[in-house]
Amino acid sequence: MKKPLNPATIAAHAAGALDLQSGGVVPAFQPSTTFLRDEDYALIRPDNIYSRDNSDNLRQAEAVIRALENAQDTLLFPSGMAAIAAVFRALPNRATAIVQSGIYWGTTAWVRDFCARREIILIEVAAADLIATCAAQPANLVLIETPSNPWLLTVDIAAVKAATNGIVLVDSTAATPILTRALDHGADIVMHSATKAINGHSDVLAGVLSTLHSEAGLWQAIRTDRRMAGAILGPFEAWLLTRAMRTLPLRMERMSENALALAHYLMGHHAVADVYYPGLPHHSGHDVALRQMQGGFGSLLSVLVKGTRQDALRVTGKFNLFLRATSLGGVESLVEHRHTIEPHTGIPENLIRVSVGIEHIDDLIADWEQALG
Ligand code: PLP
């Protein structure tokens, strides 16, 4: 048997995508929405009929992610939220969903609204209580986010899977398939906002789901709904994503190195009260991260500066290099004062969320030094 390729090789070669028609070593961009039939009314390419169903560029991007996840099937959506929504929409009315609390606020807000409309029983549980709740409470679906945004809590995927009979859906956006292959740890479906590090250039909005059980009823329902309801990623975004993913393993390596070095520097700074980062030994999620993440702990961290909301906003306003903008996982470093975005969720007023990019670490540390000073 042939030895499986390593992720860096799969990514660099875009899982073998070429343009055999021109001989190009990169795949062509094909924007057509509709595809030809011959004189006998047979499709020229039986797998291409209309781009709401599929397109070559979409298949190429999905093939890269499928290979990186070691999945059986992968579906791309026009955003991370569209991917999460696709799973919930496939649940029957009056189902039960256990959802980790303190996760990305956009997910929580949408899930609450949707579950109320569909009479789905929603049980929101803190990361630390997930395993006990899953063991005690039957559920159709369990949604976990690890590491979580912006608390950076980690959840043991295998332990959750062992505790529940429900479908385990893992939002692994902060880890990417490079640092954690959630399906290998027992997830039934792994989800990413590909808008973040998978694309990594802050220029594509996309989401993705992958599974090892493509025959499962829920997965088939998701697949059918995407095709019929049209929640599909456009070919240009898919082409850009395929291009960007060639460097995903390299980017994750550099971002994780930078984030760890910055986290250590900030922990030693007199103006910093705490740093939430799963790579730091004092972090509550460090042990799970060591078991579940390989090759680094990701680009996302949260910093609690000493003082008040005003102190945090003053520091945020002083950055020269870190851009003040939402999102994460891009090559350029970003900072965000999360309390301004979600003032009602218990986020500390002195918390600055940081997405660490691929810049030189000395420049990143120097920017924090002057901002905290
Ligand atoms: N999941 C996590 C962890 C996120 O951080 C985000 C966006 O910030 C999403 C899901 C939603 O993804 P998108 O913005 O691509 O819809």
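One-based numbering, in listed order, for ligands and for the atoms of each.
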Taking the basic N atoms (NZ, or NE/NH1/NH2) and the acidic carboxylate oxygens, is any pair closer than 4.0 Å for [X] and [Y]?
X      : Y      : value
Arg117 : Asp113 : yes
Lys306 : Asp311 : no
Arg353 : Glu336 : yes
Glu62  : Arg226 : yes
Glu359 : Arg254 : no

Taking only heavy atoms of [X] into account, list the atoms of ligand 1 that are under 4.0 Å away from them.
X      : result
Asp171 : 1 (N), 2 (C), 3 (C), 10 (C)
Gly80  : 12 (O), 13 (P), 15 (O), 16 (O)
Ser79  : 15 (O), 16 (O)

**Request:** Pick one of side chain, backbone, both or neither for how Ala206 approaches ligand 1, counting any non-hydrogen atom pair under 4.0 Å.
**Result:**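 The backbone, only.
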Can you confirm, on distance only, whether ligand 1 has an N/O atom lying under 3.5 Å from any N/O atom belonging to [X]?
X      : answer
Glu145 : no
Thr107 : no
Met81  : yes
Ile84  : no

**Item:** Minimum-distance pair of heavy atoms, taken over all atoms of Val208 and Ala83
**Value:**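 For Val208 versus Ala83, the nearest heavy atoms are N-CB, 3.9 Å.
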Closest approach of any protein heavy atom to [atom], naming residue and atom:
atom                    : value
atom 14 (O) of ligand 1 : Lys196 NZ, 3.5 Å
atom 5 (O) of ligand 1  : Asn149 ND2, 2.9 Å
atom 11 (C) of ligand 1 : Tyr104 CE2, 3.6 Å

**Message:** For Asp47, I'd like to know if atom CG has over 12 heavy atoms of other residues, nucleotides or ligands within 6.0 Å.
**Reply:**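 Above 12, so yes.
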**Asked** Is it true that atom CZ of Arg243 has more than 12 heavy atoms of other residues, nucleotides or ligands lying nearer than 6.0 Å?
**Response**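 Check fails, neighbour count at 12 or below.
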**Message:** Can you tell me if Ala83 contacts ligand 1 (heavy atom of the residue under 4.0 Å from the ligand)?
**Reply:**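 Contact check Ala83 vs ligand 1: negative.
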**Prompt:** His192: heavy atom below 4.0 Å from ligand 1, yes or no?
**Reply:** no
